[in-house]
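What follows is a single structure, written as structure tokens, with notes after it.
Values reported hereafter were calculated over all heavy atoms of this structure, with side chains retained and with hydrogens, waters and symmetry mates removed.
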Amino acid sequence: MRIKTVAASLGIALAGAAVLATVGAGSAAAVRPIIEPGQGVYLGLEFDQAETVALGNSAVPGLLTQFLPLDQTGFVMDPDSRLPQDDGYLYATPGAVVNEAAAVGGRVTLAIVNPAQAEGYQYLIVQRLP
């Protein structure tokens, strides 16, 4: 039970950090919250291109890399990603996924998901490149 509490606290902290990191993106900031428990998404934040760049320029990629356990983090990578992948395994950190999208004007979505509906993962990072 303690692990679930820590994971939930970490997820809430990461979501809060992501929102705070994008405050500087301006008044037209567009971070879209996603809450779809029926589809297994407890809490997600979809960042547009400007917010993804702001996210990449903040401390959040480093925090994601340091605190998200790789064995509990799923990735949906853009087919044009240049990060090394082999047989469904990504050889990169969560921060690298965010930074790659930010560098080319792409977008990311960060989510806390139901492991029963997400192949055992508690966290999900979706990358979309232009």
Side-chain angles (χ1 to χ4, degrees):
M1 186 67 163
R2 180 178 163 94
I3 292 174
K4 287 185 178 184
T5 303
V6 171
S9 299
L10 175 62
I12 291 168
L14 289 173
V19 170
L20 290 175
T22 62
V23 169
S27 61
V31 176
R32 187 173 74 92
I34 302 167
I35 300 173
E36 298 177 0
Q39 295 183 359
V41 179
Y42 295 135
L43 171 66
L45 297 172
E46 181 177 26
F47 297 89
D48 71 6
Q49 291 175 336
E51 282 75 31
T52 299
V53 170
L55 197 65
N57 290 330
S58 73
V60 173
L63 292 171
L64 292 173
T65 296
Q66 184 157 358
F67 293 111
L68 283 184
L70 288 178
D71 63 338
Q72 296 176 15
T73 305
F75 299 91
V76 178
M77 301 299 293
D78 190 275
D80 293 331
S81 173
R82 294 186 174 200
L83 294 175
Q85 302 173 53
D86 186 32
D87 290 330
Y89 185 81
L90 176 67
Y91 295 95
T93 64
V97 174
V98 172
N99 285 332
E100 180 185 42
V104 298
R107 298 178 293 157
V108 294
T109 300
L110 308 175
I112 302 169
V113 295
N114 180 351
Q117 293 178 290
E119 299 179 18
Y121 297 117
Q122 288 187 305
Y123 309 100
L124 185 65
I125 299 176
V126 180
Q127 179 195 65
R128 288 178 300 279
L129 303 178

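Within the model, atoms CG of Leu83 and CE of Met77 stand 4.5 Å from one another, a figure rounded to the nearest 0.5 Å. Separating the CG atom in Leu68 from the CG atom in Leu63 is a distance of 9.5 Å, to the nearest 0.5 Å. Of the inter-residue distances, the one linking Leu110 atom CG with Ile34 atom CD1 reads 9.5 Å to the nearest 0.5 angstrom. Atoms OG1 and CD, from Thr52 and Glu100 in turn, are 12.0 Å apart once rounded to the nearest 0.5 Å. Atom CG of Asn99 is separated from atom OG1 of Thr65 by 7.5 Å, given to the nearest 0.5 angstrom. We find the CD-CG distance between Gln117 and Leu124 to be 12.0 Å, quoted to the nearest 0.5 Å.
Contact check for Leu43 versus Ile35: side-chain heavy atoms found under the 4.5 Å cut-off. Counting heavy atoms from C-beta outward, Thr73 and Leu64 have side chains that stay 4.5 Å or more apart. Counting heavy atoms from C-beta on, the side chains of Val104 and Pro130 come closer than 4.5 Å. Residues Pro94 and Leu70 meet the side-chain proximity criterion, which asks for heavy atoms closer than 4.5 Å.
Judged by distance alone, the side chains of Arg128 and Thr109 do bring a donor and an acceptor atom under 3.5 Å apart.
No chain of hydrophobic side-chain contacts below 4.5 Å, direct or via other Ile, Leu, Val, Met, Phe, Trp or Tyr residues, connects Val31 to Val113. With hydrophobic clusters built from ILVMFWY side chains whose heavy atoms lie under 4.5 angstrom apart, Val60 does not share a cluster with Val53. Leu129 and Val97 fall into different hydrophobic clusters, where Ile, Leu, Val, Met, Phe, Trp and Tyr are joined by side-chain heavy atoms under 4.5 Å apart, directly or via other members.
Shortest non-hydrogen contact noted between Phe47 and Arg107 is O-CB, 3.3 Å. The shortest heavy-atom contact between Gly105 and Gln49 is O-NE2, 2.9 Å. Closest approach of Leu90 and Gln85 over heavy atoms only: CD1-CG, 3.6 Å. Listed here is the closest heavy atom pair of Ala102 and Gly56: CB-CA, 4.0 Å. What you find for Ser58 and Pro61 is that their closest heavy atoms are O-CD, 3.4 Å.
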Residues Tyr123, Tyr121; criterion ring-ring contact (aromatic ring centres under 6.0 Å, His included); working and verdict = CA-CA 6 Å; Tyr123 309 100; Tyr121 297 117; 9.8 Å; no
